[in-house]
Peer 1: 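Shown below is the structure under consideration.
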Number of protein chains: 2
Amino acid sequence: MLLIQEHGFHGTPMSQIAKSSDVAIGTIYHYFPSKEVLILQLYDYCKQQMHSYIFDEMDKSLDYKEQFFLVFKCFCSFYRDHTDKFSFMEQFYSSPFFEIAQSKTSDGPYEENKLIDFLLRGIEVNALKKRDVCILSSAFIGVAVSFSKSVLYGKIKFEEKQLDDLIDIIWNGVKTT
Amino acid sequence: MLLIQEHGFHGTPMSQIAKSSDVAIGTIYHYFPSKEVLILQLYDYCKQQMHSYIFDEMDKSLDYKEQFFLVFKCFCSFYRDHTDKFSFMEQFYSSPFFEIAQSKTSDGPYEENKLIDFLLRGIEVNALKKRDVCILSSAFIGVAVSFSKSVLYGKIKFEEKQLDDLIDIIWNGVKTT
DNA sequence: TGCAACCGAATGAACGTTCAATTGACAGAT
DNA sequence: ATCTGTCAATTGAACGTTCATTCGGTTGCA
């Protein structure tokens, strides 16, 4: 039911969603009161999926720098391996839906809470510069998203070398000297 | 005619565009063959506006680092001062329209050509690390956009200090050691 | 027998687009 | 000055389509 969102919210009619889910339109309305709620829930689902993808396999025995590298790579891998969800979420963030979602939860975009915890921990252990976490997460997420978009549009190939170069950049930016 | 795009492409009917422009619907169709073309042209317009806003006031007498700071600040200022265009463009990038626009020009998003020239120059004068420019511009734009979004959603205040912190991060990431 | 899940044709509103009619500005002729 | 023909600019009611949503009916399990 997730895969047809490549035509935009409004370019994807309920009839098509129904067809690709192999259910009738009526059935969808049995579970979701409206298209809006469906999209909102889809967003929650994606967020939670990404969340666990990235933070479930965090290995706390590594030192902070290695964890940082791992988390960053997980972000980018998730986006690469789930382009449907990535596109959907990016679309969602820049649409008026996002404000609706924001007003219903206190979360930021990109399920940042755990990321913010992670960055805060970096400051605590003196691995990251003492900066407003919003600034740090802006830098972190911004770079990951921008890279993933470039990969998605075929401007960059997702290669270990490119990714390493990028992590090197962001790490040098945020690490303590 | 630019200001009503805060409800999304599809949330903004031609009738509303007409009303807010104080013209009749028919008049719009006298100038634009379709809504799609209208949006595509609006995108070109925004891109060009941003482009000249940022690069027109570049001062080549400054050393590279100072130019870098200036350009970055211009990006962020443009986004702050033209939230309507910023929202529109972000929406555009993550919508299916973008692919259409891509197929008609060879430009990347964010009018990157001049930015890429600028970054290439940084490598030449040995101010920036020798890296794929796509990687460098990913980092540059990603951070600027992500910061601007945070400002737009009220998570960060646009203050000199925050901006300086952020530039410090990105600069430390990309500069030669 | 009851009830939840499921179906999809029917409904009505909203939208992009069309087009016949109107206006207004301008040039040349009188 | 006045008239006249031309043509681009403008108008908005009307059209046809598409879409989200509804609802009366069906299925299948407990």
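Quick note on labels: first sequence line is chain A, next is B, and so on, each numbered from 1.
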Peer 1: Please list, chain by chain and in numerical order, all residues satisfying side chain to side chain donor-acceptor pair (under 3.5 Å) with A:Ser61, sequence neighbours excluded.
Peer 2: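 By the side chain to side chain donor-acceptor pair (under 3.5 Å) rule, A:Ser61 matches A:Asp59.
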Peer 1: Let me have the donor-acceptor pairs involving side chains of residues 14-21 of chain B, under 3.5 Å, with sequence neighbours excluded, atom names and distances please.
Peer 2:
unit_1: B:Ser21; atom_1: OG; unit_2: B:Ile17; atom_2: O; d: 2.6

Peer 1: On DNA chain C, which is the earliest and which the latest nucleotide, 5' to 3', with an atom closer than 4.0 Å to a heavy atom of chain A?
Peer 2: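 Range of nucleotides within reach of chain A: C:dA5 to C:dG8.
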Peer 1: For residues 19-28 of chain B, which residues have at least one heavy atom under 4.0 Å from DNA chain C?
Peer 2: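 Under 4.0 Å from DNA chain C: B:Ile25.
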Peer 1: Check side-chain contact (heavy atoms from CB on, under 4.5 Å) between B:Arg80 and all other residues, then give those that pass, not counting sequence neighbours.
Peer 2: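 In terms of side-chain contact (heavy atoms from CB on, under 4.5 Å), with neighbours along the sequence ignored, B:Arg80 is linked to B:Ser77, B:Phe158.
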Peer 1: Any chance the rings of A:Phe98 and B:Tyr153 have centres within less than 6.0 Å?
Peer 2: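 Yes.
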Peer 1: Write out all pairs satisfying side-chain hydrogen bond (donor to acceptor under 3.5 Å, both in side chains) with one or both partners inside residues 122-131 of chain B, taking only residues at least two apart or from two chains.
Peer 2: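 Listed once each, the pairs are A:Asp165-B:Arg131, A:Asp168-B:Lys129.
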Peer 1: Going by heavy atoms closer than 4.0 Å, what residues in residues 9-17 of chain A are next to DNA chain C?
Peer 2: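 Here the set is empty: none.
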Peer 1: Identify, with sequence neighbours excluded, every residue that meets ring-ring contact (aromatic ring centres under 6.0 Å, His included) alongside B:Phe9.
Peer 2: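 For B:Phe9, the residues satisfying ring-ring contact (aromatic ring centres under 6.0 Å, His included) (neighbours in sequence not counted) are B:Phe88, B:Phe97.
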Peer 1: Holding to ring-ring contact (aromatic ring centres under 6.0 Å, His included), I want the full list of residues that pass it with B:His7, two or more places apart in sequence or in another chain.
Peer 2: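 Counting only residues at least two positions away or on another chain, B:His7 forms no ring-ring contact (aromatic ring centres under 6.0 Å, His included).
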Peer 1: For B:Lys35, enumerate each residue passing the side chain to side chain donor-acceptor pair (under 3.5 Å) test, keeping only those at least two apart in sequence or located in another chain.
Peer 2: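 For B:Lys35, no residue satisfies side chain to side chain donor-acceptor pair (under 3.5 Å) once neighbours in sequence are set aside.
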Peer 1: Who clusters with A:Val37? Use side-chain heavy atoms, under 4.5 angstrom, across I, L, V, M, F, W and Y, and order the result by chain and number.
Peer 2: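 Members besides A:Val37: none; it forms no cluster.
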Peer 1: Rounded to the nearest Å, what distance is computed from the CG atom of residue A:Leu38 to the P atom of nucleotide D:dA20?
Peer 2: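 So the CG-P distance, A:Leu38 to D:dA20, works out to 10 Å.
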Peer 1: Mind checking side-chain contact (heavy atoms from CB on, under 4.5 Å) for A:Asp63 and listing every partner two or more places apart, or none if nothing turns up?
Peer 2: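 Residues passing side-chain contact (heavy atoms from CB on, under 4.5 Å) with A:Asp63: A:Lys65, A:Glu66.
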Peer 1: Is A:Tyr31 touching bases, backbone alone, or none of the nucleic acid, heavy atoms closer than 4.0 Å?
Peer 2: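 The residue A:Tyr31 makes sugar-phosphate contact but no base contact.
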